[in-house]
Amino acid sequence: MNKAETVAGAVCVAIGGLMLLESIKFPYFVEGVPGPGFLPLWISFGIIGTGLVLAVKGIRPRLTAQEGITWPEAAGWRRVGLMFGALAVSLLLLEILGFMVTTTLFMAAVVFGLGVRSWRMLASVPLVAAVGLYVIFAVWLRVPLPKGILAFFG
Amino acid sequence: MDFIINLSLGFAVAFTPINLVVVTLGVIVGTVIGALPGIGPVAGLSILIPLAFGMNPTSAMILMCGVYYGCMYGGTITSVLMNVPGESSSIMTCLDGYAMARKGRAGPALTIAAIGSFIAGTFSVVMLTLLAPPIAEAALRFGPPEYFALMLLGLSAISGLTGTSRAKGYAMAFIGLALATIGLDPIGGAPRFTFGSLELMDGIGFLPVAVGMFGLGAVLGMIDQLLEIQVMKTSLRDMLITKQDMKDSAMPIVRGGIIGFVIGVLPGAGATIATFLAYAAEKQISKTPELFGTGMIAGVASPEAANNASTGGAMIPLLTLGIPGSGTTAVMLGVLTLFSLQPGPLLFSKNPDFVWGLIASMYIGNVMLLVLNIAFVPAFVAVLRVPYKILAPLIAIFCVVGVYSVNYSVFDLWVMLGFGVIGYLTNKMGYPQAPLVLALVLGGQMEVSLRQSLKMSEADISTFFTRPISATIMAVVIVIVLWPVLNRFLFKPALINRRDRAPSVSPPPAP
């Protein structure tokens, strides 16, 4: 049994099941023609069906020749987690601290976390990135980027 | 001579200063994205959507297309100099390209790839110029059943014909369709699957999903194993080719160009498959097939011509029918819908300056790429030396700012982050992303044309099989979906026979 493949198939079945439960709440036919529940119902059948096929293939991998999945090593997972975590924190802080501060902090944290130890790089890359993106989006494309705590200066 | 009038209108649009700047920017960025391993045309285009969104639609699409075919040139650089394909469409170039580089002939390999790309790319734009108007005219007669059938064809081809597992492709397409139903019902207006959330009333946007799945997904994939890049040195003087090189590559370029264009037009196939076929064809025709893989210039010229020619081909169904055949063109369709431009037959009569400006810019872009990829290779190689430790967070934060800049919505950012993780995991597990994004882009329209068709026919499903055009398209869809079964019962004996002397070219991995 291939655990990851089976779980992925089961997730599909679950998504399809959830959708099925929701879509039967909408009318399938309205005045003799398909209504809002028509396509969603068929889509949910499709998801459940393909999900079942995938789950069975996962449980009995010998039925089909499958290529193995190359998962990253522990250090690789840590880097992926770092990037995801840093992005999530940045989204939480974006409207509080503003674009400039958040971008600088994000870049510094991730560049450091990925293993850059040169002080010159750690100081310059985040600042150049923040200013560069500000010029492209706020100055050139006139996007009102969140100012946050720097609003006082703007 | 309609096309001369059309093209002169197009060049008038393409030669405006802003569009010249944009096409230059597009092809340069495209070459860089193409050259960077781990980030291909789909990811590159997705990341740049917000930038394009700040421009007018014509300039935006000129930029996107420039990046698209620029990528095809750029992929070569990495294949030849590093033996790492810049993207899946330059896998075949590694075989003979890197072998040439090891013999000290990296320069000629790059030059012939640029020349081949230029000739084939221009050929495919000429074909686009000539073929698009009649196809668009024919498509004017299409009704909802034909459109539904066409969209079904695009979707089933991209799910069933690419990638390693059909079931995974279909699962992703169904989930994409499911995502498309979130929000207000396109006909009745009732909210569906919104779970009382105000944000979900607007539906799941194409932009955060595409940027997340392709852009952030690529970033996460980039850092899960950091590769140290070794690049061979080249100088401008090494780029010269001999008369013999030119003679050896002439016919491979022609053949590669034709194969690439035809495959590009077909839904689901795309640049990667075009290169595999072109390479296999060259090997089959060659008098010395055993020398392929040891640095045959034909083995570089032909696939490079093919991947470039496929771009012009892929634009035909996108522009004339509004049906993209690949992930990259699905992203372009998404961009057009962001601008409320409806690609399809009416585009040619309603927005001729847009269509012809775009097509004309492709001629200009190809000329620029020829020059760039011969004279400025060392500059692009320098970009490859930027470490991933800096590049990855930079692209990530660019995605964040980009998605924010279109709707000013933090909700969109969370959607993007979620789909970034989904994109990364699905990529690892061999679930193709293109079907999901294409289904999300087409889903709403598909539901409308399905329900309109069934309304016209009073809920009689045979309407799809009695109208000649939609019946033909539906027949193709059925063949694609039932292919594994048909294959087993009808063609199995022949296939087993052929497998004994199959060329040593394995099918392409999931793009």
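So that the names make sense, note that chain A is the first sequence line, chain B the second, and so on, each numbered from 1.
Applying the ring pair (Phe, Tyr, Trp, His ring centres under 6.0 Å) test to residues at least two apart or on different chains, none of the pairs has a partner in residues 79-120 of chain A.
With a 4.5 angstrom heavy-atom cutoff, A:L52 does not touch chain B via any of its atoms. B:V406 does not touch chain A: none of its heavy atoms, backbone or side chain, sits under 4.5 Å away. Heavy atoms of A:I47 lying under 4.5 Å from chain B belong to its backbone as well as its side chain. With a threshold of 4.5 angstrom between heavy atoms, B:P186 does not approach chain A through any atom at all. Looking at A:E31, there are no atoms closer than 4.5 Å to chain B (heavy atoms on both sides), in backbone or side chain. Contact annotation for B:L216: only side-chain heavy atoms (C-beta onward) come within less than 4.5 Å of a heavy atom of chain A. Proximity to chain A involves both the backbone and the side chain of B:A392, based on heavy atoms less than 4.5 angstrom apart. Within the 4.5 angstrom heavy-atom criterion, atoms from both the backbone and the side chain of B:Y170 approach chain A. Proximity to chain A (any heavy atom under 4.5 Å) is shown, for B:S405, by both the backbone and the side chain. When heavy atoms are compared at a cutoff of 4.5 Å, A:V125 approaches chain B solely by way of its side chain, counted from C-beta outward. With a threshold of 4.5 angstrom between heavy atoms, B:F53 does not approach chain A through any atom at all. Contact annotation for A:S23: both backbone and side-chain heavy atoms come within less than 4.5 Å of a heavy atom of chain B. For B:A190, no part lies under 4.5 angstrom from a heavy atom of chain A.
Comparing A:G9, A:P72, A:A8 by heavy-atom pairs within less than 4.5 Å of chain B, the highest count is held by A:P72. Annotation: maximal heavy-atom pairing with chain A below 4.5 Å, among B:A180, B:G221, B:P393, B:A459, occurs at B:P393. Across B:C399, B:A171, B:G54, the residue that shares the most heavy-atom pairs under 4.5 angstrom with chain A is B:A171.
Contact annotation: the side chain of A:L92 approaches that of B:W414 to within less than 4.5 Å [non-hydrogen atoms, C-beta and beyond]. Between B:Y408 and A:V143, the closest side-chain pair of non-hydrogen atoms falls below 4.5 Å.
Annotation for B:P50 and A:F137: closest pair CB-CE2, 4.3 Å, computed over non-hydrogen atoms. Minimum heavy-atom separation, A:L91 to B:V410: O-CG1, 4.3 Å. When every heavy atom of B:P191 is checked against every heavy atom of A:F26, the shortest pair comes out as O-CE2, 3.6 Å. Of all the heavy atoms in A:V111 and B:K389, the pair that sits closest is CG2-O, 3.9 Å.
Rounded to the nearest 0.5 angstrom, A:L114 CG and B:M222 CE are separated by 11.5 Å. With values rounded to the nearest 0.5 angstrom, A:F29 atom CZ is found 7.5 Å from B:L454 atom CG. Atom CD1 of residue B:I390 and atom CE of residue A:M121 lie 3.0 Å apart, to the nearest 0.5 angstrom. The line from CG of B:L179 to CD1 of A:I43 is 9.5 Å long, rounded to the nearest 0.5 Å. Here CE of A:M19 is found 10.5 Å from CZ of B:F174. Values are rounded to the nearest 0.5 Å. Taking NZ of B:K168 as the reference point, atom NZ of A:K57 lies at 8.0 Å (rounded to 0.5 Å).
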Pair B:Y431-A:L54, side chain to side chain contact (heavy atoms under 4.5 Å, CB included): steps then yes or no:
CA-CA 11 Å; B:Y431 281 77; A:L54 289 166; 3.4 Å; yes
Could you please spell out the steps behind the side chain to side chain contact (heavy atoms under 4.5 Å, CB included) verdict for B:L51 and A:W140?
CA-CA 10 Å; B:L51 210 60; A:W140 183 36; 4.1 Å; yes
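Across B:V421, B:D224, B:V219, B:L425, a single residue satisfies side chain to side chain contact (heavy atoms under 4.5 Å, CB included) together with A:V80, and that is B:D224.
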Extract all donor-acceptor atom pairs below 3.5 Å that involve side chains of residues 443-451 of chain B and protein atoms in other chains or at least two apart in sequence.
unit_1	atom_1	unit_2	atom_2	d
B:E447	OE1	B:R192	NH2	2.7
B:E447	OE2	B:R192	NH1	2.9
B:E447	OE2	B:R192	NH2	3.4
B:E447	OE2	B:R451	NH1	2.8
B:S449	OG	B:Q445	O	3.1
B:S449	OG	B:M446	O	3.2
B:R451	NE	A:P34	O	3.4
B:R451	NH1	B:D185	OD1	2.8
B:R451	NH2	B:D185	OD2	3.3

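Taking a 6.0 Å sphere around CZ of B:F411, one finds it holds more than 12 heavy atoms contributed by other residues, nucleotides or ligands.
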